[in-house]
Protein chains: 2
Amino acid sequence: MYFCGNMYFMTRSEENYIKTIFHLGNKGTRDVSTNAIAEIMETKPSSVTDMIKRLSEKGLVNYKRYQGVSLTSLGTKTALGIIRKHRLWEVFLVEKLDFSWDEVHEVAEQLEHIKSDKLIDSLDRLLAYPKFDPHGDPIPDKNGSFKERDRKLLSEVPVNTAGLCVGVKDSSTTFLKFLDKNGIALGNRIKVLEIEEFDGSLNIEIEGRKMQISNVIASNLYINVE
Amino acid sequence: MYFCGNMYFMTRSEENYIKTIFHLGNKGTRDVSTNAIAEIMETKPSSVTDMIKRLSEKGLVNYKRYQGVSLTSLGTKTALGIIRKHRLWEVFLVEKLDFSWDEVHEVAEQLEHIKSDKLIDSLDRLLAYPKFDPHGDPIPDKNGSFKERDRKLLSEVPVNTAGLCVGVKDSSTTFLKFLDKNGIALGNRIKVLEIEEFDGSLNIEIEGRKMQISNVIASNLYINVE
DNA sequence: ACAAATTTTTAGGCTCGACTAAATTCTAGT
DNA sequence: ACTAGAATTTAGTCGAGCCTAAAAATTTGT
């Protein structure tokens with residue numbers, strides 16, 4: 001396993017696998033399963049096995065037959081690089097090109113594969129070194145380090161807790177559009193007034209207004225508890 | 001041959017062929033030869049034949065065996081779309097990310113394949129609808145139309161002609177770096193003072209300074225004759 | 001603990017976009 | 001007009017990245 005500055009050449013497909021393994025591996029503690037990767041990537045388990053072997057030979061993942069897969073440190077570094085690019089492009093799209101936060105994902109999926117260190121460093125500078133993307137997710141720095149913001153799901157804080165809305169767990173178009181429609185945005189100040197025993201729905205005060213949201217909504221919104 | 005708004009799906013490779021055919025076809029009047037394409041694309045003639053057949057089936061090129069190839073109107077429209085994207089990204093890199101004009105090409109070659117109408121329209125707006133890229137080449141608008149600037153090669157104007165330097169013919173890194181080193185940039189005012197009989201070199205006045213340039217240099221610089 | 005169900009891997013095929021080698025067609029020089 | 005040489009195409013191969021079907025390993029239920 002030798003380094004060569006710019007790493008090996010990686011295909012788009014390899015990068016997408018690495019990214020997916022990273023996202024899956026960061027949730028649970030166990031190794032990532034072939035099926036899980038296949039499902040997320042909308043491909044077949046047999047294709048995943050093929051690719052995992054290639055990635056394993058390149059030293060990007062640890063792999064033992066039938067035992068699932070995990071990223072090596074090189075693989076993790078690679079994943080963080082891709083995620084950094086994805087999130088910086090998202091910020092660019094929203095800040096400079098007036099995309100709304102539900103429109104950025106698809107384009108960023110393409111842009112994240114552009115290979116140029118100078119490009120991404122300059123972009124970072126243009127955007128004034130943002131720490132979070134438009135959905136509140138942290139942007140790794142050049143070296144791959146980032147600090148997860150101290151945040152809690154709105155559904156898991158006690159009554160009377162207040163804080164700023166700092167992120168969404170689900171960043172699907174559907175959910176983001178729903179938030180837009182109901183005037184909920186990152187940075188809004190939210191206070192939990194009451195939690196309904198029956199269905200877990202919440203009465204909240206948001207930017208002065210009062211409203212009720214379902215438990216499903218609340219369990220996809222992060223707040224920065226004060 | 002049916003249109004479907006966003007055209008067919010085109011692979012990166014197909015787009016690169018179309019672009020190359022466009023550039024080659026715009027010079028001469030004859031159809032573009034297989035060998036010429038192969039040379040530019042650093043591939044083999046047999047690979048070119050393969051691809052041409054595919055492009056022909058998609059209605060992007062006119063092709064008869066052994067007779068060379070030319071773009072259909074759909075092919076031309078496609079080519080102009082790619083060139084528009086390439087040149088807009090070049091402007092972006094120079095204007096917003098402080099790239100120098102010899103650094104933009106490689107990255108723009110990647111960015112030109114990003115697929116998003118909204119992206120490119122917004123970029124165009126961010127850049128205030130530029131008409132020319134950093135090398136002085138015209139940027140087609142949304143509909144593919146652009147006006148070639150009225151310009152002449154510096155090597156082909158008579159003594160005492162003056163004008164603004166508006167473009168380069170050769171935009172290789174080597175040439176652009178040479179111009180930088182000698183303080184020649186787009187927008188500079190140039191006047192031809194004398195043309196050397198012997199080797200065709202020129203004595204010019206540029207932004208007040210006097211200097212001598214070889215005929216090779218002069219035949220790669222465009223000026224906008226007043 | 002062991003059969004059934006599930007997960008994962010292997011084996012073999014397919015398409016795209018490249019290649020080499022060989023055949024074909026065109027073009028130029030006499 | 002004919003032939004040598006150049007350009008082009010065909011035929012067959014290969015790797016990446018996907019697929020299906022079938023085999024192998026693991027996990028689960030009793």
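Chain letters run A, B, ... following the sequence lines, proteins first and then strands; every chain starts at 1.
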Exactly one candidate in A/Thr11, A/Val48, A/Ile40 meets side-chain contact (heavy atoms from CB on, under 4.5 Å) with A/Tyr17; the answer is A/Val48
Is B/Glu148 atom CD crowded by more than 12 heavy atoms from other residues, nucleotides or ligands, each under 6.0 Å away? yes
With a 3.5 Å cut-off and no angle check, do the side chains of A/Asn215 and A/Ser155 form a donor-acceptor pair? no
Without decimals, in angstroms, what is the distance between B/Lys53 NZ and D/dA11 P? 8 Å
Closest to the B/Tyr66 side chain: D/dT26, D/dG17, D/dT8? D/dT8
Indicate every side-chain donor-acceptor pair of residues 129-142 of chain A with a distance under 3.5 Å to a residue at least two apart or in another chain.
unit_1: A/Lys131; atom_1: NZ; unit_2: A/Tyr129; atom_2: O; d: 3.2
unit_1: A/Asp133; atom_1: OD1; unit_2: A/His135; atom_2: N; d: 2.7
unit_1: A/Asp133; atom_1: OD1; unit_2: A/Gly136; atom_2: N; d: 3.1
unit_1: A/Asp133; atom_1: OD1; unit_2: A/Asp137; atom_2: N; d: 3.0
unit_1: A/His135; atom_1: ND1; unit_2: A/Glu90; atom_2: OE1; d: 3.3
unit_1: A/His135; atom_1: NE2; unit_2: A/Trp101; atom_2: O; d: 2.9
unit_1: A/Asp141; atom_1: OD1; unit_2: A/Asn143; atom_2: N; d: 2.8
unit_1: A/Asp141; atom_1: OD1; unit_2: A/Gly144; atom_2: N; d: 3.1
unit_1: A/Asp141; atom_1: OD1; unit_2: A/Ser145; atom_2: N; d: 3.1
unit_1: A/Asp141; atom_1: OD1; unit_2: A/Ser145; atom_2: OG; d: 3.3
unit_1: A/Asp141; atom_1: OD2; unit_2: A/Ser145; atom_2: OG; d: 3.2
unit_1: A/Lys142; atom_1: NZ; unit_2: A/Asp121; atom_2: OD2; d: 3.3

Sub-3.5 Å donor-acceptor pair from the side chain of A/Asp199 to the main-chain atoms of A/Ser201, do we have one? yes
Should B/Arg84 and B/Asp124 be marked as a salt bridge (Lys or Arg N to Asp or Glu O under 4.0 Å) after you check the CA-CA gap, both sets of side-chain angles, and the distance that decides it? CA-CA 10 Å; B/Arg84 168 172 162 77; B/Asp124 199 13; 3.1 Å; yes
Between B/Lys85 and B/Glu112, is there a donor-acceptor pair closer than 3.5 Å when you use the side chain of the first and the backbone of the second? yes
Distance under 4.0 Å to a non-hydrogen atom of chain B counts as contact; along DNA chain C, which nucleotides mark the start and end? C/dC16 to C/dC26
Atom pair distance, as rounded to whole Å: CD in A/Glu14 and P in D/dC18: 10 Å
Between A/Gln67 and A/Met51, which residue's closest nucleotide on DNA chain D lies nearer the 5′ terminus? A/Met51
Shortest non-hydrogen pair, B/Ile18 vs B/Leu71, comes out as CD1-CD2, 3.8 Å
Nucleic acid contacts - residues 36-49 of chain A versus DNA chain C, non-hydrogen atoms under 4.0 Å: A/Pro45, A/Ser46, A/Thr49
In whole angstroms, the gap separating P of D/dT26 from CG of A/Asp31 amounts to 14 Å
Can you check whether B/Tyr63 has a side-chain N or O nearer than 4.0 Å to OP1 or OP2 of D/dT9? yes
